[in-house]
Amino acid sequence: MKHLLPPLPYDPAALEPHIDAHTMRLHHAGHHASYVASLNSILAEFPDLRERSALWLLLNLSKVPQKIRIAVRNNAGGHINHSMFWRAMSPGGGGAPTGPLADAIKRDFGGLTQLKARFDDAGTRLFGSGWVWLARAQRDGGRLEIRTTSGHDNPLMQHHFPLLLNDVWEHAYYLKHENRRGEYLTGWWEVVDWEEAARRFERSDHSVERDWEAEGGSLLEATT
Ligand SMILES: [Fe+2]
């Protein structure tokens with residue numbers, strides 16, 4: 001079995017002007033593709049691990065041989081987070097969430113304006129390469145939190161279910177926004193797919209492994 005690069009769910013130019021087509025092409029066909037290729041290459045000599053989903057690998061690093069553990073963490077995480085990231089955005093995105101997710105945002109942040117301010121602040125202050133997230137605690141009554149992760153770590157590794165994520169690696173914005181990460185973060189809300197975040201919120205009480213499989217995230221294909 002091998003891991004596969006999922007197709008972008010829209011044209012690379014579809015998120016203009018907030019994310020330019022050149023960045024999207026490089027990000028998807030360059031960066032994300034390289035994580036998938038590296039993951040397959042790393043696992044080539046480990047037939048048992050080749051049958052596992054990327055999420056299983058990320059959440060079971062203690063069962064991964066030490067000599068490939070860091071590489072698996074980086075590349076499985078990169079594959080998972082980017083697969084989720086493409087789907088977190090839409091050409092018809094922006095606006096505001098509705099329904100139970102909107103209620104939870106009001107309860108835990110006071111409203112969408114406050115959530116955005118805290119998300120942007122966390123993303124701006126994150127040192128180096130990483131991700132900023134809206135996540136739901138799998139404990140503590142399921143409250144919503146803004147979190148950041150370094151490298152390609154995922155909140156699932158910290159018992160938080162991801163609802164929304166933004167990539168603050170420089171490769172996500174530098175060609176267009178240069179060093180103005182804050183400008184990228186604030187503009188990005190115009191392409192956020194709140195319907196996808198709401199779907200993730202509704203699934204956030206369930207098995208994470210099943211969710212990943214259900215959304216096509218395992219992206220495994222028989223090699224024969
Ligand atoms: Fe990225």
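Start at 1 and go down the list; that is how both ligands and their atoms are numbered.
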Quiz item: What distance separates His177 NE2 from Thr186 OG1, expressed to the nearest 0.5 Å?
Solution: 8.5 Å

Self-check item: Short side-chain donor-acceptor distance under 3.5 Å, Trp86 and His32
Solution: yes

Practice problem: Would you please indicate yes or no on a ring centroid separation below 6.0 angstrom for His82 and His171? | Solution: yes

Exercise. Could you tell me if the ring centre of Trp188 sits under 6.0 Å from that of Phe119?
Key: yes

Quiz item: What closest approach, in Å, do Leu185 and Gly123 show between heavy atoms, and which atom pair accounts for it?
Solution: CD1-C, 3.6 Å

Quiz item: By residue and atom, what protein N/O/S atoms are less than 2.8 Å from the Fe ion (ligand 1)?
Solution: His27 NE2, His82 NE2, Asp167 OD2, His171 NE2

Practice problem: Give me the ring orientation class for Phe85 and His27: parallel if the planes are under 30° apart, tilted from 30 to 60°, perpendicular past 60°. | Solution: tilted

